[in-house]
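Encoded as structure tokens, the structure appears first; notes follow it.
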Amino acid sequence: METTVDDDLPEQMRIRREKRNRLLESGREPYPVNFPRTASLAEIRARYADLPTDTATGDKAALAARVIFIRNTGKLCFATLRAGDGTELQAMLSLDRVGQESLDEWKRLVDLGDHVGIHGEIITSRRGELSILADSWVMTAKALRPLPVAHKPLSEEARVRQRYVDLVVRPEARDMVRYRSTAVRSLRDTFHADGWVEVETPMLQLMHGGAAARPFVTHCNALDTDLYLRIAPELYLKRCVVGGIERVFEINKNFRNEGLDSTHQAEFAMLEAYRAYADYRDMAALTTRLVQNAARAVFGSETVVHHDGTTLDLSGTWREVTLYGSLSEALGEAVTVDTPMGRLLELADKHGISVDPLWVPGKLVEELFEELVVPGLVQPTFVYDYPVDTSPLVRQHRTQPGLTEKWDLYVRGMETATAYSELVDPVVQRERLVAQAALASKGDPEAMRLDEDFLRAMEYGMPPSGGMGMGIDRLLIALTGLGIRDTILFPLVRPE
RNA sequence: GGGCCGCUAGCUCAAUGGCAGAGCUGUGGACUUUUAAUCCAUAGGUUGCGAGUUCGAGUCUCGCGCGGCCCA
């Protein structure tokens with residue numbers, strides 16, 4: 001179909017539209033339905049890896065990829081093609097092979113960014129570059145917008161807002177997509193090798209729970225009721241364990257209606273896993289194995305080197321500390337679950353931590369810990385034994401009153417995973433949730449509501465269990481050292 | 001929410017309050033072995049948006065929008 005050329009467009013876009021029209025006017029397709037390729041660029045590179053300089057193989061191929069670099073001379077044109085996986089291959093078009101008209105059209109109609117298909121012979125140039133020497137070429141998709149300059153970094157904002165462009169021009173962006181895919185597949189492989197069952201539980205929930213966070217609210221027309229986007233799958237996965245799925249995991253999105261910054265996204269992928277007849281120490285062993293296997297799958301080693309040159313050693317058995325022990329060491333004075341609120345407030349004041357009046361003592365301890373201890377937790381460290389008043393779904397510690405059987409895993413100063421020996425006593429569970437509901441009615445937007453169906457499930461009997469949650473984005477950050485905006489393909493950004 | 005920095009050509013960036021520029025990209029031309037090709041010529045702008053100060057504003061002031069960093 002003919003299109004009119006819009007005079008308001010920037011010159012370069014107007015010209016590309018004119019070239020599209022020229023293709024149509026001469027009876028060719030700027031967007032053909034397909035182009036039968038006989039090989040990928042990667043296959044050609046692998047097959048002819050050792051071809052000597054200035055060699056003609058006589059082998060013919062049909063290749064297609066995006067043009068990312070053009071060097072045209074009078075009778076011999078060079079172009080660098082780049083496939084989606086980043087593999088590049090040179091194309092050569094010579095007057096004596098393709099003829100005057102085809103060569104002129106190439107020079108006139110092909111811009112950086114266009115997709116082209118080329119039939120030709122695999123050769124190496126006089127400079128030794130593996131190339132396809134064209135017999136003929138076709139446009140497979142005309143690009144109407146120019147690519148950004150190849151050798152200047154795209155601005156951070158442009159990278160995030162136009163990830164498709166970022167993926168074309170920046171190798172690290174392509175790498176991250178594949179790292180992430182490989183890591184998630186590795187997680188599933190580790191579970192499946194051990195007989196776990198993967199499930200999908202509701203994202204739209206009548207009642208949000210399983211974590212302390214503000215939810216997104218939406219409306220269900222059919223039921224004429226508000227629904228919450230889940231903040232965690234925990235309460236449903238526990239229902240699964242009650243029902244007899246003894247090793248169950250889910251990798252899926254959670255949604256939290258909170259601040260956006262370089263480590264927090266409104267939606268994020270999360271792994272949660274529950275195992276009957278396991279405790280939090282078993283879950284630590286599982287987590288270590290999951291992360292180490294993922295590191296090996298992605299980088300081939302349990303020691304990973306980040307872009308900034310720092311090395312992260314994920315191998316072996318990871319360091320273990322306790323919450324109160326590490327905080328006491330940082331403070332230079334012993335802090336325990338019995339330290340009075342007054343003293344904690346003095347310590348918070350001394351270290352410049354502003355306090356919310358709704359906070360319970362345990363919350364204050366965790367804030368102090370976050371401020372004073374966490375930044376130093378670079379190599380993977382399990383932090384054990386959290387106070388009971390901030391962990392309403394966790395079992396009481398078997399020997400230490402006031403504490404729970406919970407750990408957080410920190411890597412590079414970031415909380416990457418957490419696990420509990422799960423609370424399975426439905427009476428205690430109800431008491432804890434009633435207390436949470438009281439907080440909620442006092443105005444704490446992060447407190448949990450009373451989920452009667454969940455309590456009913458617990459009353460049918462949940463076996464002793466360990467549970468673990470790990471942020472997929474955090475895992476990728478730990479493995480690669482990149483920012484969360486780089487680990488998520490399309491992070492939420494303000495509308496343009 | 002507060003503070004600081006930024007927003008200029010398709011991209012990346014310059015420009016003492018005094019003619020809005022460069023590189024790459026684009027366009028026209030030369031070139032049969034280029035590798036960010038080279039050479040000649042050339043086009044491209046509502047300087048984020050809106051007010052104000054000034055003879056004169058990309059530059060100074062105020063407001064708004066978007067982004068980044070730091071703090072809460």
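So that the names make sense, note that chain A is the first sequence line, chain B the second, and so on, each numbered from 1. Note that this is a predicted model, so its numbers are computed, not measured. These values consider heavy atoms only, across backbone and side chains, with no hydrogens, waters or symmetry-generated copies.
Taking atom C1' on both nucleotides, B/C55 is separated from B/C60 by 16 Å, rounded to a whole Å. Here the separation of B/C71 from B/C19, taken at their C1' atoms, is 44 Å to the nearest Å. For the C1' atoms, the distance from B/G28 to B/G67 is 39 Å, rounded to whole Å. When the C1' atom is compared between B/G18 and B/A57, the two are found 10 Å apart, to the nearest whole Å. As rounded to the nearest Å, B/G44 and B/C49 have C1' atoms that lie 23 Å from one another. Rounded to the nearest Å, the gap between the C1' atom of B/U8 and that of B/G58 is 7 Å. Rounded to whole Å, the P atom of B/U27 lies 23 Å from the corresponding atom of B/U33. On the P atoms, B/C39 is 9 Å away from B/C24, given to the nearest whole Å.
Rounded to an integer number of Å, the gap from CD of A/Glu157 to C1' of B/G65 is 12 Å. Look at CZ on A/Arg97: it is 17 Å from P on B/U32, rounded to the nearest Å. When the P atom of B/U38 is taken as reference, atom CZ of A/Phe78 falls 14 Å away, rounded to whole Å. Whole-Å rounding puts the A/Leu103 CG to B/A30 P distance at 12 Å. In this entry the distance linking CH2 of A/Trp106 with C1' of B/U32 reads 16 Å, nearest Å. Going from atom CG of A/Asp166 over to atom P of B/C11 covers 15 Å, rounded to whole Å. Distance A/Glu129 CD to B/A36 P: 10 Å, rounded to the nearest Å. Between the P atom of B/G67 and the CZ atom of A/Arg159 lies a distance of 16 Å, rounded to the nearest Å.
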Which side-chain N or O atoms in residues 59-72 of chain A pair as donor and acceptor under 3.5 Å with protein atoms at least two apart or in another chain?
from    : atom 1 : to       : atom 2 : distance (Å)
A/Asp59 : OD2    : A/Tyr48  : OH     : 2.5
A/Lys60 : NZ     : A/Asp135 : OD2    : 2.8
A/Arg66 : NH1    : A/Gly113 : O      : 2.8
A/Arg66 : NH2    : A/His115 : NE2    : 3.2
A/Arg71 : NH1    : A/Gln90  : OE1    : 3.2
A/Arg71 : NH2    : A/Thr80  : OG1    : 2.5

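Figure legend. B/G45 is base-paired to no nucleotide; pairs are counted as Watson-Crick or G-U wobble with both atom distances under 3.5 Å. The partner of B/A30 is B/U38, judged by Watson-Crick or G-U wobble contacts that both fall below 3.5 Å. With a 3.5 Å ceiling on both atom-pair distances, B/A57 lacks any Watson-Crick or G-U wobble partner. The base-pairing partner of B/G23, taking Watson-Crick or G-U wobble contacts with both distances under 3.5 Å, is B/C11. Look at B/G6: its Watson-Crick or wobble partner, with both distances under 3.5 angstrom, is B/C66.
Here the nucleotide nearest the side chain of A/Leu76, chosen from B/U32, B/C11, B/U12, is B/U32. Relative to the side chain of A/Met92, the nucleotides B/C31, B/U33, B/C11 differ in distance, and B/U33 lies closest.
Residues A/Tyr164 and A/Phe490 keep their aromatic ring centres 6.0 Å or farther apart.
Neither OP1 nor OP2 of B/U33 sits under 4.0 Å from any side-chain N or O of A/Ser131. For B/C31, the OP1/OP2 oxygens have no side-chain nitrogen or oxygen of A/Arg71 closer than 4.0 Å.
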Does A/Arg14 form a salt bridge (Lys or Arg N to Asp or Glu O under 4.0 Å) with A/Glu18? I'd like the steps, not just the answer. CA-CA 6 Å; A/Arg14 201 184 69 236; A/Glu18 287 167 2; 3.7 Å; yes

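Between A/Glu156 and A/Asp96, the residue whose closest nucleotide on RNA chain B is further toward the 5' end is A/Asp96. For A/Asp54 and A/Asn72, each mapped to the nucleotide of RNA chain B holding its nearest heavy atom, the one lying further toward the 5' end belongs to A/Asp54.
For A/Thr418 and A/Asp408, the side-chain atoms include at least one donor-acceptor pair closer than 3.5 Å. Side-chain N/O atoms of A/Gln162 and A/Asp166 include no donor and acceptor closer than 3.5 Å.
A distance of 9.5 Å separates CG of A/Asp389 from CZ of A/Arg432, quoted to the nearest 0.5 Å.
When side chains are defined from C-beta on, A/Ile472 does not count as touching A/Phe268, because their heavy atoms never get closer than 4.5 Å.
Each of A/Tyr386, A/Phe382, A/Tyr420 was scored for a side-chain contact (heavy atoms from CB on, under 4.5 Å) with A/Trp407, with one residue passing: A/Phe382.
Nucleic acid contact for A/Ser155: sugar-phosphate only, since backbone atoms but no base atoms lie under 4.0 Å from a heavy atom of the residue.
Among residues two or more places apart in sequence or in another chain, the side-chain hydrogen bond (donor to acceptor under 3.5 Å, both in side chains) test is passed with A/His119 by none.
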Letter per nucleotide, 5' to 3', of nucleotides 24-29 of chain B [B base touched, S only sugar-phosphate touched, - untouched; heavy atoms, 4.0 Å]: BBSS--

